[in-house]
A.B. asks: 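The structure under discussion is supplied below as structure tokens; questions concerning it will follow.
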There are 2 protein chains.
Amino acid sequence: MLTKTEENYLKTIYSLELLHSKNVNTTLIAKELKTRASSVTDMLKKLADKDLVNYKKYQGVKLTLNGKNIAVKIIRRHRLWEVFLVNKLHYNWDQVHELAEQLEHIKSDTLTDKLEAFLNYPEFDPHGDPIPNKDGDITHHKNNMLSSVAINNNYVIIGVKDSSSAFLKLLDSVNLKIGSTVKIISKEEFDSSMVIESNQNSFSISHQTSKNLYVKKI
Amino acid sequence: MLTKTEENYLKTIYSLELLHSKNVNTTLIAKELKTRASSVTDMLKKLADKDLVNYKKYQGVKLTLNGKNIAVKIIRRHRLWEVFLVNKLHYNWDQVHELAEQLEHIKSDTLTDKLEAFLNYPEFDPHGDPIPNKDGDITHHKNNMLSSVAINNNYVIIGVKDSSSAFLKLLDSVNLKIGSTVKIISKEEFDSSMVIESNQNSFSISHQTSKNLYVKKI
DNA sequence: ATAAATATTTAGACTTGTCTAAATATTAAA
DNA sequence: TTTAATATTTAGACAAGTCTAAATATTTAT
Ligand SMILES: [Mn+2]
Ligand SMILES: [Mn+2]
Ligand SMILES: [Mn+2]
Ligand SMILES: [Mn+2]
């Protein structure tokens, strides 16, 4: 049985692999987990001993199939708990991540599946992230951000890339949510901000905002 | 913030205090937590430093008000999660204790209260144990066991003292549950077993069984 | 291709919670 | 009330996960 710490390393390595494709390096993991490179090295050796990562000195790491499966399982638990917290306990979407960080480590073969059934097999978490199924299959978002999409067409927001509380509260304040329809009215060359139309009114959003919104053409 | 281990010590000391009234001794705690007396001594010093127990060498411990409040809070979380697992996720009552042992350590000021509301403010957990309210008030069961109660009267089962899976499955097999009505038909002097009537049929139960059932006269 | 900058690993130490073995207290028995 | 049994504490050690400082490797720049 893995410790909470080991699980968190696996999850972090998994998400870094998604971003970078090549081997994940020590420093990145350290930064992500707010720990030191030397601590990461120690842990990578342990994970390698357990056949969860392939590790060669100075070469960074890559998850083994084994390690990847476990990482996906933890992400599945995390996202299902987030759905529970928002849909059933009525938390706001900016308040659930830290709680899910704890809940994802509850060890049970049956709990995740029962929770999933109770929630009616949701496909996405409150931030639009896809929930892996029981077999670990997961379809990731295309990198289709509002920042890089054509003007004057209708799009629907399908996810947020940054799910920090600060960003989510900003979205709340302009009433943008998963499922909202948006149309780009104009772009500003100077700072890449844009005026968009949504919910029958139009307003300006920063580049920082638009590049963190996954959209799909309607 | 307390560690999971510290929380488990507090919870254990609390339940031992309920049984024994005087100071709880090192050996008992060690047995209950399946650890060694020397480990317990170490921890008692730490808990005393944090003003959670009163500890004097060789004299055992007693929870401070502070420690007691925390213990009750953990018990509250444990029992609410058990209700969730049985009522919402449809676990059987013999399968939820170990999971609740994990869930009770999720740290959140709001989660317990939201969960309680979601479950419609249950007063008892699936084993009939009372759930402390938000202020930590709790009314414990009177020690009214089926084993020591008059013959030929009607009682209702309000709780189980032992909530091991083995015992709960035995109760399932004879269809005895919280809320079941029972009447003692006869007692056997030799082994203190008794024949009882419940659900329109009568059968024999051991002393071991009857002394683990809390009942209330109808 | 050598030097400088950056990344990574090693060495040694600390904390938490645990253990065994030995020392000391308390309690029960004779 | 002295001895024997039992309970408790201390001493010293270990594993997990972390840290700082120092040693090595790798990468980048000149
Ligand atoms: Mn999250
Ligand atoms: Mn986590
Ligand atoms: Mn329980
Ligand atoms: Mn516990």
Side-chain angles (χ1 to χ4, degrees), chain A residues 1-14 16-17 19-63 67 70-71 74 101-102 104-105 107, chain B residues 1-14 16-17 19-63 67 70-71 74 101-102 104-105 107:
Chain A
M1 181 114 322
L2 299 185
T3 66
K4 187 183 294 193
T5 310
E6 289 169 326
E7 289 192 343
N8 281 336
Y9 269 89
L10 292 179
K11 198 170 57 130
T12 298
I13 296 167
Y14 178 85
L16 291 174
E17 277 185 7
L19 296 178
H20 296 78
S21 77
K22 45 187 177 175
N23 276 15
V24 178
N25 53 287
T26 308
T27 322
L28 251 185
I29 299 171
K31 188 173 297 176
E32 195 70 18
L33 284 172
K34 296 185 205 311
T35 181
R36 299 295 178 167
S38 55
S39 308
V40 173
T41 302
D42 288 344
M43 180 56 83
L44 294 184
K45 287 177 185 166
K46 279 182 217 163
L47 295 176
D49 282 347
K50 298 187 177 184
D51 192 39
L52 297 167
V53 298
N54 289 122
Y55 169 66
K56 270 190 292 220
K57 268 194 193 179
Y58 296 99
Q59 304 300 131
V61 279
K62 198 173 175 331
L63 291 174
I70 293 173
I74 300 162
E101 283 293 318
Q102 297 183 60
E104 72 188 4
H105 300 292
K107 261 85 175 174
Chain B
M1 179 113 324
L2 298 185
T3 66
K4 187 184 293 194
T5 310
E6 289 170 326
E7 290 192 343
N8 281 336
Y9 269 89
L10 291 180
K11 198 170 55 130
T12 299
I13 295 167
Y14 178 85
L16 291 174
E17 277 185 6
L19 296 176
H20 296 79
S21 77
K22 43 185 176 177
N23 276 16
V24 177
N25 54 286
T26 309
T27 322
L28 250 184
I29 299 171
K31 188 173 295 175
E32 196 68 17
L33 283 172
K34 295 183 206 313
T35 182
R36 298 296 178 165
S38 56
S39 308
V40 173
T41 302
D42 288 344
M43 180 57 82
L44 294 184
K45 287 176 186 167
K46 279 182 217 165
L47 295 177
D49 282 346
K50 298 188 178 184
D51 191 39
L52 298 166
V53 298
N54 288 122
Y55 168 66
K56 272 191 293 236
K57 269 193 191 180
Y58 295 101
Q59 304 300 131
V61 279
K62 199 170 174 333
L63 291 175
I70 294 173
I74 300 162
E101 284 292 319
Q102 297 184 62
E104 72 188 6
H105 300 293
K107 262 85 175 175

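Values below: all heavy atoms of this structure, side chains included; hydrogens, waters and symmetry mates excluded. In this text, all values refer to a predicted model and were calculated from it rather than measured experimentally. Each chain gets a letter, A, B and so on, in the order the sequences are listed, and its residues count up from 1.
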A.B. asks: The criterion is side chain to side chain contact (heavy atoms under 4.5 Å, CB included); which residues satisfy it with S39(B), sequence neighbours excluded?
C.D. replies: Y9(B), T35(B), R36(B)
A.B. asks: Could I get the full list of salt bridge (charged side-chain N to carboxylate O under 4.0 Å, His left out) partners for K62(B), not counting sequence neighbours?
C.D. replies: none
A.B. asks: Taking only nitrogen or oxygen atoms into account, show me every contact under 3.5 Å that the protein makes with nucleotides 14-18 of chain D, one pair per line with its distance.
C.D. replies:
from: dG17(D); atom 1: OP1; to: T3(A); atom 2: OG1; distance (Å): 2.7
from: dG17(D); atom 1: OP2; to: K46(A); atom 2: NZ; distance (Å): 3.1
from: dT18(D); atom 1: OP2; to: Y9(A); atom 2: OH; distance (Å): 3.4

A.B. asks: Under the salt bridge (charged side-chain N to carboxylate O under 4.0 Å, His left out) test, which residues partner E6(A), sequence neighbours left out?
C.D. replies: K50(A)
A.B. asks: How is T41(B) classified with respect to the nucleic acid when contacts are heavy atoms under 4.0 Å: base, sugar-phosphate, or nothing?
C.D. replies: base
A.B. asks: Begin from the C-alpha positions of L63(B) and Y14(B) and carry the test side-chain contact (heavy atoms from CB on, under 4.5 Å) through to its verdict.
C.D. replies: CA-CA 7 Å; L63(B) 291 175; Y14(B) 178 85; 3.7 Å; yes
A.B. asks: The criterion is side chain to side chain contact (heavy atoms under 4.5 Å, CB included); which residues satisfy it with K46(A), sequence neighbours excluded?
C.D. replies: M43(A)
A.B. asks: With sequence neighbours left out, what residues match N8(B) under side chain to side chain contact (heavy atoms under 4.5 Å, CB included)?
C.D. replies: K4(B), K11(B), L33(B), E101(B), E104(B), H105(B)
A.B. asks: Can you list the residues that meet the salt bridge (charged side-chain N to carboxylate O under 4.0 Å, His left out) rule with E17(A), with sequence neighbours excluded?
C.D. replies: none
A.B. asks: Roughly, in whole Å, what's the span from NZ in K50(B) to C1' in dT15(C)?
C.D. replies: 12 Å
A.B. asks: Name the pairs: protein N/O against N/O of nucleotides 22-28 of chain D, kept only if under 3.5 Å.
C.D. replies:
from: dA25(D); atom 1: O4'; to: Y58(A); atom 2: OH; distance (Å): 3.2

A.B. asks: Can you measure N8(B) atom CG to dT18(C) atom C1' for me and round it to whole angstrom units?
C.D. replies: 15 Å
A.B. asks: If I take atom NZ in residue K45(B) and atom C1' in nucleotide dT9(D), what distance separates them, rounded to the nearest angstrom?
C.D. replies: 6 Å
A.B. asks: Holding to side chain to side chain contact (heavy atoms under 4.5 Å, CB included), I want the full list of residues that pass it with Q102(A), two or more places apart in sequence or in another chain.
C.D. replies: L99(A), I106(B), K107(B)
